[in-house]
Amino acid sequence: MELSTTYLGLTLRSPLVASAGPLTGRLDSLRALQDAGIAAVVLPSLFEEQVVHDELSTTALFDLGEGSSPEATSYFPDLGSVETVTDRSLRHVEEAKRALDIPVIASLNGVSPGGWTRYARLLADAGADALELNLYRVVADPDLSGARVEEQQHALVRLVREALDVPLAVKVGPHYSAFGHFAAGLVTAGADALVVFNRFYQPDLSPATRQVVQSLELSTPSELRLPLRWIALLHGRLDVQLAATTGVWSGLDVARVLLAGADVAMMTSALLRHGADHVRTVERELLAWGAELGYDSVDQLRGSASQRNTADPSAFERANYVETLVHYANSFWSGQGPGPW
């Protein structure tokens with residue numbers, strides 16, 4: 001099966017992409033991923049909050065000499081050797097581009113309209129082949145409506161699109177009341193691709209200290225079902241490319257999202273667990289599956305089981321919910337268990 005494909009206007013040797021994570025944050029592991037056959041990499045996000053923290057820290061350094069003698073010969077601190085988080089991110093993009101032969105996609109996770117556009121341009125100017133804009137927002141204000149949140153995020157995407165001359169992907173979470181409508185607005189605002197779905201990390205509480213504690217668990221293949229469903233629902237309805245992320249661990253997982261309509265499958269957790277060489281395993285599994293089913297290319301299978309092309313379109317909506325519960329209940333009481341799907 002021919003694995004070559006395109007994503008964000010970039011020619012890829014396969015649909016396997018390493019999403020942002022620890023392995024894409026170092027040159028040695030980036031080279032290992034490329035040697036293992038990964039088709040493209042998304043570098044770790046530049047977070048606007050980290051940039052702002054750096055800027056506030058720098059301002060505090062300048063305030064250290066306040067009230068000192070006007071005859072001091074070194075009133076201001078020497079900041080020439082201080083490397084900010086922005087400097088490190090831009091340097092990583094530049095070094096990754098020099099070290100790799102595969103496409104390098106930068107990632108930005110911003111807060112303010114000015115911050116999004118400024119840092120997006122900096123990342124593009126550093127040599128990124130494309131930009132992934134990460135929309136990660138927890139809306140706790142009860143006076144802020146869902147419609148207003150969507151308007152704000154559409155406006156942010158529009159501003160970034162206008163500031164860029166490289167392709168733009170938008171990575172989003174699933175927590176919107178009408179995700180199809182929201183996705184359509186992102187495409188209108190200028191998104192060339194949608195990455196579904198962002199995986200929100202939930203805070204935990206320590207009973208002993210009553211403090212909020214960090215908690216991070218790697219994704220599991222079962223989490224792939226949510227992006228799988230929405231890729232199948234959106235394929236062919238929007239003029240946009242689709243990337244699946246969260247829960248891609250095996251070649252069969254890649255096959256599932258391609259059948260649903262994804263252009264690429266992104267991995268992080270599986271690579272963290274098994275190492276960069278796991279890319280070879282996933283590719284072998286995908287090729288073996290394609291040979292068994294008689295597929296000639298990725299293009300041939302892409303979207304062939306999406307909602308528009310499946311024999312039972314309702315299976316991706318409410319019908320699946322009803323049938324799953326009924327099937328499980330019948331299997332439970334018959335003593336046979338739910339059985340494999």
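Being a predicted model, the structure only gives us computed values, none of them experimental.
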Interatomic distance, Arg13 atom CZ to Glu2 atom CD [nearest 0.5 angstrom]
9.5 Å
Has the side chain of Glu223 got a donor or acceptor atom that lies under 3.5 Å from a matching backbone atom of Val248?
no
Backbone N or O of Asn134 within a donor-acceptor pair of the Asn198 side chain at under 3.5 Å?
no
Hey, does the side chain of Gln153 reach the backbone of Val149 with a donor-acceptor pair shorter than 3.5 angstrom?
no
Sub-3.5 Å donor-acceptor pair from the side chain of Asp263 to the main-chain atoms of Ala243, do we have one?
no
Taking Asp28 first and then Arg31, would you say they form a salt bridge - that is, a charged N and a carboxylate O separated by under 4.0 Å?
no
Any donor-acceptor pair under 3.5 Å linking the side-chain atoms of Ser19 with those of Thr268?
yes
Ionic contact status for Glu283 with Arg280, cut-off 4.0 Å
no
Check whether any side-chain N or O of Asp87 sits under 3.5 Å from a backbone N or O of Thr84 as a donor-acceptor pair, and report yes or no.
yes
So, Phe182 versus His154, ring centres under 6.0 angstrom or not?
yes
Is there a side-chain contact between Leu286 and Met1 in this structure, where contact means two heavy atoms from C-beta onward sitting under 4.5 Å apart?
yes
So, the side chain of His278 versus the backbone of Trp249: is there a donor-acceptor pair under 3.5 Å, distance only?
yes
Is there a donor-acceptor contact under 3.5 Å from the side chain of Gln34 to the main chain of Ile102?
yes
Which heavy atom of Leu144 sits nearest a heavy atom of Arg148, and at what distance?
CD1-CG, 3.4 Å
Would you indicate whether the side-chain heavy atoms of Leu159 and Trp116 approach each other to under 4.5 Å?
no
For the aromatic rings, using the six-membered ring if either is Trp, is the centroid distance between Phe179 and Phe197 under 6.0 Å?
yes
Just by modelled atom types, is the Ser250 backbone N or O under 3.5 Å from a matching donor or acceptor in the Asp253 side chain?
yes
I'd like to know if the side chain of Arg229 pairs up with that of Gln307 as donor and acceptor (distance under 3.5 Å, no hydrogens or angles considered).
no
Should Glu162 and Arg158 count as an ion pair when the cut-off is N to O under 4.0 Å?
no
Whether the side chain of Thr24 engages the backbone of Val41 through a donor-acceptor N/O pair (distance < 3.5 Å, no angle test) should be reported.
no
A side-chain contact here means heavy atoms from C-beta on lying under 4.5 Å apart; do Leu8 and Ile105 qualify?
yes
Is there a side-chain contact between Asp192 and Arg161 in this structure, where contact means two heavy atoms from C-beta onward sitting under 4.5 Å apart?
yes
With the side chain counted from C-beta on, respond yes when Leu12 and Pro103 share a heavy-atom pair under 4.5 Å apart, and no when they do not.
yes
With sequence neighbours excluded, residues passing salt bridge (Lys or Arg N to Asp or Glu O under 4.0 Å) with Glu150:
none
